[in-house]
Each structure stands twice: as C-alpha cells, then as structure tokens.
S.K.: 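Pasting in a structure now, in structure tokens, and then I'll have a few things to ask.
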Amino acid sequence: IIPCSVQQSLLISETNVSTDGRINAITDTLIVYCNPEVDIKVGDRIIYDNKIYTVKEEPRKWQSPTGRVSNQQFKIVEYKG
C-alpha cells in the first residue's frame with residue numbers, strides 16, 4: 001500500500017499466557033494510515049518490514065472537510081508463538 005504511514009500502537013506488544021504460566025502467543029500491533037480508496041478488509045495480510053501482518057479490525061475512514069487530508073486508519077498485527 002503506497003503511500004501510507006505506519007506507526008507504533010500505544011500497545012506495542014501483548015502476551016497471552018495460559019493458566020499454567022506458559023506463553024501461548026505474542027502479538028505486535030501497528031497502526032496504518034493510507035488513502036481512503038485503498039481496498040482493505042479484516043483478515044487481509046500485509047508484508048511490512050519483512051514481516052507478515054494481518055488486518056485486525058475494520059478500517060475507519062476519516063473524511064477531511066476540505067478533502068485534502070482524508071485517510072483511512074486500521075490496525076495490523078503480527079502473531080508470534
């Protein structure tokens with residue numbers, strides 16, 4: 001997806017631990033801002049920085065009143081473990 005901006009999420013990584021203390025999974029989350037016309041859906045996969053990320057939630061479209069800086073925002077997550 002070009003052009004786009006990829007930013008760290010406030011929640012940089014999350015660990016899922018089982019009841020017996022074992023780590024089930026670790027996830028890294030990023031936020032993507034891109035053109036509102038980009039066709040992106042939940043579950044789509046994106047390669048960023050040589051890692052495979054999955055679109056985590058429905059994209060949110062932000063319409064500028066002037067139309068100059070409209071974009072859509074969505075989270076991508078990398079699953080590890």
Side-chain angles (χ1 to χ4, degrees):
I1 304 170
I2 299 173
C4 70
S5 173
V6 179
Q7 307 294 322
Q8 284 287 335
S9 172
L10 292 177
L11 176 63
I12 295 173
S13 63
E14 181 178 359
T15 303
N16 180 330
V17 180
S18 67
T19 55
D20 63 1
R22 291 182 296 153
I23 295 175
N24 291 335
I26 299 172
T27 59
D28 285 331
T29 303
L30 302 174
I31 299 174
V32 179
Y33 300 88
C34 66
N35 189 312
E37 285 81 35
V38 170
D39 180 24
I40 195 86
K41 297 179 230 39
V42 172
D44 285 353
R45 293 194 181 126
I46 295 172
I47 297 174
Y48 174 73
D49 200 23
N50 294 321
K51 298 175 186 173
I52 298 174
Y53 289 85
T54 304
V55 176
K56 184 176 180 178
E57 59 186 34
E58 284 295 326
R60 298 182 185 140
K61 295 194 178 190
W62 302 98
Q63 199 68 356
S64 166
T66 64
R68 292 188 57 151
V69 289
S70 297
N71 65 52
Q72 66 178 322
Q73 167 193 347
F74 54 92
K75 290 182 182 177
I76 57 175
V77 63
E78 177 194 21
Y79 296 101
K80 305 173 189 176

S.K.: Work out which heavy atom in Pro59 is nearest to a heavy atom in Ile40; give both atom names and the distance.
M.R.: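 Of all heavy-atom pairs spanning Pro59 and Ile40, the closest is CG-CG2, 3.3 Å.
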S.K.: Please check this pair: side chain of Gln72 against backbone of Asn35, looking for a donor-acceptor N/O pair closer than 3.5 Å.
M.R.: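 Answer holds: yes.
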S.K.: Can you check whether Val38 reaches Phe74 side chain to side chain, under 4.5 Å on heavy atoms?
M.R.: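 Sidechains of Phe74 and Val38: no contact.
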S.K.: When rounded to the nearest 0.5 angstrom, what is the spacing between NZ in Lys56 and CD1 in Ile76?
M.R.: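 With rounding to 0.5 Å, NZ (Lys56) is 11.5 Å from CD1 (Ile76).
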S.K.: Do Val6 and Asp49 come close enough that some side-chain heavy atom pair is under 4.5 Å?
M.R.: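 In short, these two side chains do not touch, never coming nearer than 4.5 Å.
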S.K.: What about Tyr48 and Val55, same hydrophobic cluster or not, with Ile/Leu/Val/Met/Phe/Trp/Tyr joined at side-chain heavy-atom distances under 4.5 Å?
M.R.: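 Yes; tracing contacts between hydrophobic side chains, which count when under 4.5 Å, links both residues.
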S.K.: Any salt bridge (Lys or Arg N to Asp or Glu O under 4.0 Å) pairs touching residues 32-42, not counting sequence neighbours?
M.R.: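 Residue pairs passing salt bridge (Lys or Arg N to Asp or Glu O under 4.0 Å), neighbours aside: Asp39-Lys41.
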S.K.: Output the distance between atom CG (Asn71) and atom CD (Gln63), rounded to the nearest 0.5 Å.
M.R.: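 Answer rounded to 0.5 Å: 9.5 Å.
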S.K.: What heavy-atom pair brings Cys4 and Cys34 nearest, and what distance separates the two atoms?
M.R.: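 In this case the closest contact between Cys4 and Cys34 is CB-CB, 3.9 Å.
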S.K.: Is it the case that the side chain of Thr29 and the backbone of Val77 share a donor-acceptor pair, with hydrogens and angles ignored and the cut-off at 3.5 Å?
M.R.: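 Checked: no pair found.
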S.K.: Calculate, to the nearest 0.5 Å, the distance between atoms CG and OG belonging to Leu30 and Ser5 respectively.
M.R.: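 Taking CG in Leu30 and OG in Ser5, the distance rounds to 10.5 Å.
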S.K.: Nearest 0.5 Å, please: how far is CD in Glu58 from CD in Gln73?
M.R.: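 It comes to 13.0 Å.
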S.K.: Transitively linked via ILVMFWY side-chain contacts under 4.5 Å: Ile46 with Ile52?
M.R.: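 As far as the 4.5 Å side-chain criterion goes, Ile52 and Ile46 are not connected within one cluster.
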